[in-house]
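The structure appears below as structure tokens.
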Amino acid sequence: MKITEEIKISDNGFVFNSKTGDSFNVNPFGLELLKYIAEDKDFDSIKDEILGKYDVDSLTLEKDFYEFCALLKHHQIVAQGDPMEFK
Amino acid sequence: MSKLAYEKPVISKITAGVPNKFGLPVKQKIISEIDGIPVSELIKDYGSPVFVISEKTVRGTFAEARQAFETRYPKVQFAWSYKTNYLDAVCSIFHSEGSWAEVVSGFEFEKALLLGVNGSNIIFNGPEKSEEDLTLAINHDACIHIDHFDELYLLIETTRKLDKKARVAIRVNLDAGIYPIWDRFGFNYENGEAWNAINRIMLAENLDLIGLHTHIGTYIMASSAYAVAATKLSNLFMATYRKFDHWIKYIDLGGGFASKNTLKGAYMPGAETCPSFDEYAEAISNAIISSEIPHENLPVLFLETGRALIDDAGYLLTTVLANKRSNSGRRTMVIDAGVNLLFTSFWYNLGIYPAKEASDYSEETTIYGPLCMNIDVIREAINFPHVQTGDRLVIERVGAYNMTQWMQFITYRPNVVLIDSEGKTHVIRKKEDIETFKSFESNPKK
């Protein structure tokens, strides 16, 4: 999962897609996740960092993370990685 | 080191469109307690979902309505509309405040009698009255509001059989500027049908015409319509006196006052736009007092308002079952109370609020009930904060019609709890269980 080239993210949670012209608001925690995703971290390493920092259980985080990812995909903020990455 | 507070990650598209002139609410409203009792405690004790009725609110609202009318008109009598909420405990509160009973079926009539209402303080409305029902009403000296000519002739026949007199009124339908006109009930004013009915009743030896009744519709936002209706009934009242030298005893303006719920499609919230009791009272009282009726012969003004008296007192406490995303990315939520319990969700945008502080971020959400049916939608679009599975929500203004029009469908109907004026809780209708249904059925195959 990669953030597409056209996406610009500001430090205050404003996200702009220069290809489609769409703009988005993201809350502070969503912004933090976006930064991890931009650094190409996978969920397990993101999870370790978040669980150490925030008052949240592992299952809630997992559920919310994947829902957030689905939204990012829906809004074309992230593109699917290598479809054969399971090989 | 303590950990940071967690908040669900949210991303929302910024859409250009017509800006909301009201802006966004500064703070999300929460309802954490009802009459001082925490929502969490009510659910712990009585389950989820659970209907809660506040006696304090019922009595407060009734006092407000009574004051509005009694300070403007000398003779006012309320009659509690059973069909709006006929739980015994609710009816008893209204009767203890002095309300008569307004019933529309033999079943409701029996309920009123069981609650100790004197038969002569029962108004019997509605288009469905069997000979058996009429006999019951005549024997108890109730006020029978005749709906149509067939009923009038059945009543004449029944009084002859019983050799008793019946106290009657006619229901009149009229053009008060509210469309469509509810002309399916009663006798029409404009085409002279109501006048014909009055003439026939005055000629019947066993019928005593004591009232004129109309009910112009439901959720009427224009108080002026009641003034038109009151004027037309006053005209019939005087015409009856002039022709028959007979003073009718009461004029019944029915119900239909709007509650503070917001109708679907309404631009402004109901709480901001619905007329107050004072506005309705002013329109009605002024029309009767300004009519030709001499002051010493003013009729008693009957009111059968239901919705506006009980809606605010009812809450439905519910629990979040799931947060989901539709395939278009839209946020959806499933709660444990569906349209089977919330008949009014078909025409209102019901107010739904979290029971505790929730996320500061909100998102347009569709709220579904738990039924395995596509129609089970409680709110199609509501700007709602992010809540977790298991969080409690409160749906407000559900006191009218939901506890009578609810359906036993797919699941059981829940407990109904009354918080009395002293703040004590009472189950006033028990949650159904499998035994409830076993008692209705018999199975010849077993």
Side-chain angles (χ1 to χ4, degrees), chain A residues 1 3-4 6-10 12-38 41 43 46-78, chain B residues 1-20 23-28 319-335 354 356-368 381-393:
Chain A
M1 189 168 62
I3 294 180
T4 54
E6 299 82 11
I7 296 297
K8 308 290 176 234
I9 304 168
S10 80
N12 60 359
F14 183 77
V15 178
F16 180 65
N17 184 335
S18 61
K19 188 176 171 188
T20 62
D22 290 339
S23 47
F24 306 86
N25 277 326
V26 62
N27 69 346
F29 186 65
L31 183 64
E32 193 168 337
L33 288 185
L34 269 180
K35 285 179 180 164
Y36 286 128
I37 294 166
K41 287 189 173 169
F43 176 64
I46 293 173
K47 188 167 82 173
D48 290 343
E49 292 206 32
I50 298 294
L51 290 180
K53 192 172 164 190
Y54 287 93
D55 184 18
V56 60
D57 63 87
S58 167
L59 279 180
T60 304
L61 177 65
E62 183 179 325
K63 198 170 62 174
D64 290 349
F65 178 80
Y66 285 114
E67 183 184 323
F68 186 64
C69 290
L71 272 182
L72 295 180
K73 199 170 165 192
H74 174 74
H75 290 312
Q76 300 176 52
I77 291 165
V78 295
Chain B
M1 196 183 81
S2 64
K3 290 185 178 178
L4 298 171
Y6 172 78
E7 187 159 55
K8 184 184 171 105
V10 186
I11 184 162
S12 48
K13 189 172 172 181
I14 299 166
T15 47
V18 182
N20 181 346
L24 289 169
V26 179
K27 196 155 170 56
Q28 170 71 42
T319 302
V320 177
L321 297 179
N323 285 297
K324 299 168 80 169
R325 289 276 166 194
S326 71
N327 59 2
S328 62
R330 185 181 180 77
R331 181 184 173 214
T332 66
M333 190 162 77
V334 186
I335 60 174
K356 62 174 190 188
E357 290 286 351
S359 161
D360 285 337
Y361 290 88
S362 57
E363 188 178 348
E364 192 166 274
T365 306
T366 301
I367 301 182
Y368 296 118
I382 178 172
N383 206 33
F384 208 76
H386 285 269
V387 289
Q388 304 283 328
T389 305
D391 281 357
R392 313 302 191 185
L393 309 181

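Quick caveat: nothing in here was measured; it's all calculated off a predicted structure. A, B, ... follow the sequence lines: proteins, then strands. Residue 1 opens every chain.
- The heavy-atom pair separating A:Asn27 from B:Pro9 by the smallest distance is OD1-CA, 3.6 Å.
- Legend: salt bridge (charged side-chain N to carboxylate O under 4.0 Å, His left out) pairs involving residues 319-328 of chain B, not counting sequence neighbours, sorted by first then second residue: A:Glu67-B:Arg325, B:Arg325-B:Glu363.
- Atom CZ of B:Arg330 and atom NE2 of A:His74 lie 11.0 Å apart (nearest 0.5 Å).
- Looking at A:Leu61, both its backbone and its side chain come within 4.5 Å of chain B, counting heavy atoms on both sides.
- Residues that satisfy the ring-ring contact (aromatic ring centres under 6.0 Å, His included) test with B:Tyr361, not counting sequence neighbours, are absent from this structure.
- Checking side-chain atoms of B:Lys3 against main-chain N and O of A:Leu51 turns up a donor-acceptor pair under 3.5 Å.
- Smallest separation of non-hydrogen atoms from A:Phe14 and B:Ile14: CE1-CD1, 3.5 Å.
- Rounded to the nearest 0.5 angstrom, B:Glu7 CD and A:Asp64 CG are separated by 10.5 Å.
- Heavy-atom pairs under 4.5 Å with chain B were tallied for A:Asn25, A:Ile77, A:Asp55; the largest tally goes to A:Asn25.
- Taking OH from B:Tyr6 and CD1 from A:Ile50, the interatomic distance works out to 8.5 Å, rounded to the nearest 0.5 Å.
- Contacts between A:Lys63 and chain B at a heavy-atom distance below 4.5 Å involve the side chain alone, from C-beta outward.
- Residue A:Lys35 qualifies as enclosed at atom NZ: its count of foreign heavy atoms under 6.0 Å is above 12.
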